[in-house]
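Below is one structure, written out as structure tokens, with a few remarks after it.
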There are 2 protein chains.
Amino acid sequence: MTSTTPGNSRRRTHRKRAYAPRLPLAERREHLLDAALRVLAREGYDRISIEAIAKEAGVTRPVVYGAFDGLEPLLNHLLDRTQRRALDAVARFMPENPDLSDPDGFLLELVAGVIDAVRAEPEVWGPVLGLIQGAPAVVRDRIEGDRRAIRARFEHLLAVGLEIRGGPDLDVELLSHMIFVSVEHFGRLVLEEPERFTRERLVDGLAGLLAAVQPGPAPDGAAAGGDR
Amino acid sequence: MTSTTPGNSRRRTHRKRAYAPRLPLAERREHLLDAALRVLAREGYDRISIEAIAKEAGVTRPVVYGAFDGLEPLLNHLLDRTQRRALDAVARFMPENPDLSDPDGFLLELVAGVIDAVRAEPEVWGPVLGLIQGAPAVVRDRIEGDRRAIRARFEHLLAVGLEIRGGPDLDVELLSHMIFVSVEHFGRLVLEEPERFTRERLVDGLAGLLAAVQPGPAPDGAAAGGDR
DNA sequence: GTGCGAAGCTACAGCCCTGTAGGAAGTGCT
DNA sequence: AGCACTTCCTACAGGGCTGTAGCTTCGCAC
């Protein structure tokens, strides 16, 4: 029997919806995260909401609230899923003790690996590379933290690589920032214009630049390197 | 006399607000754009709305709607104001026919100029550099268009500069992307960590890198340059 | 077959915001 | 002083969304 409350004059003009199939909590959470990813890929962060995810998943909002405490925790879980894969991929390219005997070769393999990973899982790398727009603060802050950590690790490897390479004597921190944002940009170019910016073109282009960067002392006695 | 409608049982419990000073339309528009900029700087794009701008300006929403047809047109006007200054600054650094007799010197002056402009007017460059978060599509699309145009012009100058420099023989389009995102990143570093990344450090760091990039043919016969 | 508990749904309350009709107030001119 | 016009405000209507109380339904165990 339908209850009515004072002031509620709306009549039930629509059939009650069928119940969604019941799922254990763990399965429901994965189901909802998959739905969230589809909404995100199709409409971006601007349009993501508990309401939109519920619709995409074919359930009602209380079901979503039963699995997550709100949009922010849900997005955090989604990031847990995708960022873990991104960080795993990065860990493969930048292991703890890499073979840096050929520093230029190492960098080129790293870049090639990043490009392959980006092409293989655009749904993982899209948010990281800022290609899914309108990200809320929870997503931006999380990704920014990951980026800082990865760049710091890269800076360390770069310092070692430049030593092995015999120079040039440069501001390693600054150089790591420049290489980092360039490689990120490679990722965006590969996703946005895959036929114009092929893997080969990007890797060859970087190889050409590395070949032009002499290890010896810069003739002008340029800036000292290293952290401040 | 206050009209009442069926179902409207709320009593007027608050004093009517005093009218805001009347302004001619042109002045009102500037007044509202100033208010919008303050909301933006303080709270970001996430919190910008006609409602928030009206409150900041000390008027009601119809006054804002009287000056602009909605949030999107208002933000476009704001961008008109700020992006014009940014594009003017860029035009100073990249004139139509620059003196490229010293290409490296030209690039260093350009970067120094960008850094100075960014420090001088952070409210103009913040949105351009993605430092004001949560930008809606109208802002993103507009800035993306400006970025493409600036990078394309830079690519042209880069090609000429490399010719004059005598090489190296590199993928100019790709290199222009790399330098472009690096200089943008310099802008962000300057705003986010001004004491760690001083103007001198950034310019000297880049000078050191340029000094290490030999103009002669790369020893490995690396990638051919130029547009596809 | 029945009962119980878990999972899902309806309906409600509320917030924030957009956009506008019509009235109120202020200013300038005669 | 009065009138007309311009600018501003109140109140209304509506959309989108969050979050939850209490009811409904389904599935499983006995």
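Keep in mind it's a predicted model, so treat the numbers as computed, not measured. Below, each value reflects all heavy atoms present in this structure, side chains not excepted, and no hydrogens, waters or symmetry copies. We name chains A, B, ... by the order of the sequence lines, and we start the count at 1 in each one.
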Hits for side chain to side chain contact (heavy atoms under 4.5 Å, CB included) against Ala149(B), two or more places apart or cross-chain, chain-then-number order -> none
For residues 175-183 of chain B, which side-chain donor-acceptor pairs fall under 3.5 Å, sequence neighbours excluded?
from, atom 1, to, atom 2, distance (Å)
Ser176(B), OG, Arg151(B), NH1, 2.7
Ser176(B), OG, Glu173(B), O, 2.6
His177(B), ND1, His185(A), NE2, 2.9
Ser182(B), OG, Met178(B), O, 2.8

Residues in side chain to side chain contact (heavy atoms under 4.5 Å, CB included) contact with Ala41(B), at least two apart in sequence or another chain: none
Output all residues satisfying side chain to side chain contact (heavy atoms under 4.5 Å, CB included) with Pro73(A), sequence neighbours left out; order by chain, then residue number. Asp69(A)
The side-chain hydrogen bond (donor to acceptor under 3.5 Å, both in side chains) partners of Asn76(B) (sequence neighbours excluded) come to Arg142(B)
For Glu27(A) and dA7(C), give me the distance from atom CD to atom C1', rounded to whole Å. 13 Å
Pairs involving residues 22-70 of chain A, ordered by first then second residue, that meet ring pair (Phe, Tyr, Trp, His ring centres under 6.0 Å) (sequence neighbours left out): Phe68(A)-His77(A)
Counterpart residues, side chain to side chain contact (heavy atoms under 4.5 Å, CB included), relative to Ala35(A) (two or more places apart): Arg38(A), Ile53(A), Glu56(A), Ala57(A)
List in numerical order all residues of residues 40-71 of chain A for which some heavy atom is under 4.0 Å away from an atom belonging to DNA chain C. Val59(A), Thr60(A), Arg61(A), Pro62(A), Val63(A)
Sugar-phosphate or base contact per nucleotide [nucleotides 2-7 of chain D; S, B, -; heavy atom under 4.0 Å]: ----BB
Within a radius of less than 6.0 Å around CD of Glu96(A), do more than 12 heavy atoms belonging to other residues, nucleotides or ligands occur? no
